[in-house]
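Values reported hereafter were calculated over all heavy atoms of this structure, with side chains retained and with hydrogens, waters and symmetry mates removed. Source: prediction; values computed, not measured. In what follows, chains are A, B, ... by sequence order, proteins preceding strands, each numbered from 1.
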There are 2 protein chains.
Amino acid sequence: MPERGRPRSFDRTAALRRAMEVFWAKGYEGASLSDLTTAMGINSPSLYAAFSSKEALFLEATDLYTRVEGADIWTTLEQAPTARLAIEGFLTRTAKAYSQTDRPQGCLIALGALHQDSSQGPICHDLRRRRAENHMALKRRLERAVAEGELPADFDIQTAATFFSTVQHGMSIQARDGATHAALMATVAGAMAAWATMAGDPA
Amino acid sequence: MPERGRPRSFDRTAALRRAMEVFWAKGYEGASLSDLTTAMGINSPSLYAAFSSKEALFLEATDLYTRVEGADIWTTLEQAPTARLAIEGFLTRTAKAYSQTDRPQGCLIALGALHQDSSQGPICHDLRRRRAENHMALKRRLERAVAEGELPADFDIQTAATFFSTVQHGMSIQARDGATHAALMATVAGAMAAWATMAGDPA
DNA sequence: TCCTTTTTGTAGTGATTGATACATAAATAT
DNA sequence: ATATTTATGTATCAATCACTACAAAAAGGA
């Protein structure tokens, strides 16, 4: 039991959530230590004692984001009864999540660190790994649908997974531009129009 | 004729192009004055004398980008004989441009300044305006196709323009993740599958 | 009651940020 | 030739960056 020493005077998880929101809104580079400590309500020595460094804090923040904000979208993908409903639910929930006005628009994983400087370190590597994981989750769901006979054996899983994953990334930028929920749903409608052709559906 | 005083010892346009490449690779925030002056081969007083500020330099750089790098994509959109070929050419040229290995991947306009800090100033406003202009160009091309009878009168232009524009934005992130030309073309194939449904084509 | 352990707030660290002061250099104008 | 105008290189500016040294505070263990 590490119950020795002066107890921490703030809620570590609550502070982490605040940090996540700052990174989400401003990106890794754009979030200064000053921004972070202000939002978290602590001084920098407390931040470093609890989270080690800005980099480690960001990695913890993306993990929290994946677990809290991303869970709904990805469980929908896996639990929907058909692949079509899985993809449609995945995109529909994305549209809803990305257009919430009580939090930053778009996705932390997609937008958090896209440029060269932040790319070289572990930050961009971590985000890329998470994006690749999402792509794999799409592939797995489509593979399952082929295995279950819902989709034809010659269904191009790789193309479809890449396409839907890219559409979701695009929706992050669209959301950052202030797109309404309705505008994001227009993109979903477009993507589902592709499904009809890919799967050979009449509608 | 402003031929008075000591002549400038560097090529202003060449230096601007170098600055554009730095902003393209690192984003507005990520590009430091030191990065810029090094790439441009000049000292900071020369940069400020010729371009006024980092902000003004960025605005000039995005203008150059639009004229030089974007021209090919957007003339294709307008000059293709049918709307289908216009959209397909637009996306195909995007895939090619975004995956070139001799320059930064993805689009400066889409990726240059997505976060809050840079958003509030004129930088993000300028990029948003340019992205909105691209969306309008897509709409105009589709409107023309409806007017010419190529597309049915009830074709949902707004939805289609938003969709294809969002796909292009997603391709920027995909390209930043190191996607090959073939991977980007998979996204194009997906988007064109949507066209088939939208326009009621058999293929 | 001490001693140890950990956190806290204050006040800084050197490095880097975007942007300039200033003297010198190099051109035209008179 | 002298004056005027503009550009250049050196050497900075104050502000902010991520990060920490240090001593006081607050807990448990002896």
Side-chain angles (χ1 to χ4, degrees), chain A residues 1-16 18-19 22-23 25-61 112-113 115-124, chain B residues 1-16 18-20 22-23 25-61 112-113 115-124 126:
Chain A
M1 301 171 188
E3 296 282 348
R4 281 282 285 261
R6 179 173 173 172
R8 182 175 286 129
S9 67
F10 62 94
D11 181 337
R12 192 182 187 279
T13 306
L16 177 59
R18 299 285 181 83
V22 173
F23 284 129
K26 303 195 167 192
Y28 178 72
E29 300 177 306
S32 72
L33 257 292
S34 172
D35 292 331
L36 292 164
T37 53
T38 300
M40 298 164 86
I42 60 177
N43 296 113
S44 44
S46 297
L47 188 154
Y48 280 88
F51 302 100
S52 300
S53 68
K54 184 186 177 185
E55 206 169 271
L57 176 61
F58 183 84
L59 296 178
E60 269 203 65
H115 299 295
Q116 213 174 64
D117 263 12
S118 42
S119 301
Q120 289 160 351
I123 271 57
C124 189
Chain B
M1 304 178 185
E3 296 281 348
R4 282 280 285 260
R6 178 173 173 173
R8 182 176 287 128
S9 68
F10 63 93
D11 182 336
R12 191 182 188 280
T13 305
L16 178 59
R18 300 284 182 84
M20 177 191 81
V22 173
F23 283 129
K26 304 194 167 193
Y28 178 73
E29 300 178 305
S32 72
L33 258 292
S34 172
D35 292 332
L36 291 164
T37 53
T38 300
M40 299 164 85
I42 60 178
N43 296 112
S44 44
S46 297
L47 187 155
Y48 280 88
F51 301 99
S52 300
S53 69
K54 183 187 177 184
E55 205 169 272
L57 175 62
F58 183 83
L59 296 177
E60 270 203 65
H115 299 294
Q116 214 174 63
D117 263 13
S118 41
S119 302
Q120 289 161 352
I123 272 58
C124 189
D126 175 71

Nucleotide nearest B:K54 (side chain, heavy atoms from C-beta), chosen from C:dA19, C:dA27, D:dA18: C:dA19

Of the listed nucleotides C:dT4, D:dC19, C:dT8, the one nearest the side chain of A:R4: C:dT4

Rounded to whole Å, how long is the line connecting atom [atom1] of [X] with atom [atom2] of [N]?
{"X": "B:L33", "N": "D:dT16", "atom1": "CG", "atom2": "C1'", "result": "14 Å"}
{"X": "A:R12", "N": "C:dT8", "atom1": "CZ", "atom2": "P", "result": "12 Å"}
{"X": "A:E55", "N": "D:dC17", "atom1": "CD", "atom2": "P", "result": "18 Å"}
{"X": "A:R6", "N": "D:dA23", "atom1": "CZ", "atom2": "P", "result": "16 Å"}
{"X": "A:D35", "N": "C:dT17", "atom1": "CG", "atom2": "C1'", "result": "15 Å"}
{"X": "B:F58", "N": "C:dT17", "atom1": "CZ", "atom2": "C1'", "result": "18 Å"}
{"X": "B:L47", "N": "C:dT17", "atom1": "CG", "atom2": "C1'", "result": "14 Å"}

Letter per nucleotide, 5' to 3', of nucleotides 9-14 of chain D [B base touched, S only sugar-phosphate touched, - untouched; heavy atoms, 4.0 Å]: BB----

Phosphate contact (D:dC19 OP1 or OP2) by A:Y48 side-chain N/O below 4.0 Å: yes

From B:L59 atom CG to B:D126 atom CG, the distance as rounded to the nearest 0.5 Å: 5.0 Å

CG-CD1 distance between B:D11 and B:I42, expressed to the nearest 0.5 angstrom: 11.0 Å

Shortest non-hydrogen separation from B:A113 to B:I123 and the atoms involved: CB-CG2, 3.4 Å

Sugar-phosphate only, base, or nothing, as touched by B:F51 at under 4.0 Å among non-hydrogen atoms: nothing

Test: B:K54 cationic atom under 6.0 Å from B:F23 six-membered ring centre, within 45° of axis: no

Over-ring placement of A:R12 relative to A:F10, 6.0 Å and 45° cut-offs: no

Polar side chain donor-acceptor pair, B:D35 to B:S32, under 3.5 angstrom: yes

A:S52 side chain vs A:Y48 backbone, donor-acceptor pair below 3.5 Å: no

Most 5' of A:R8 and B:S34 on DNA chain C, judged by nearest nucleotide: A:R8

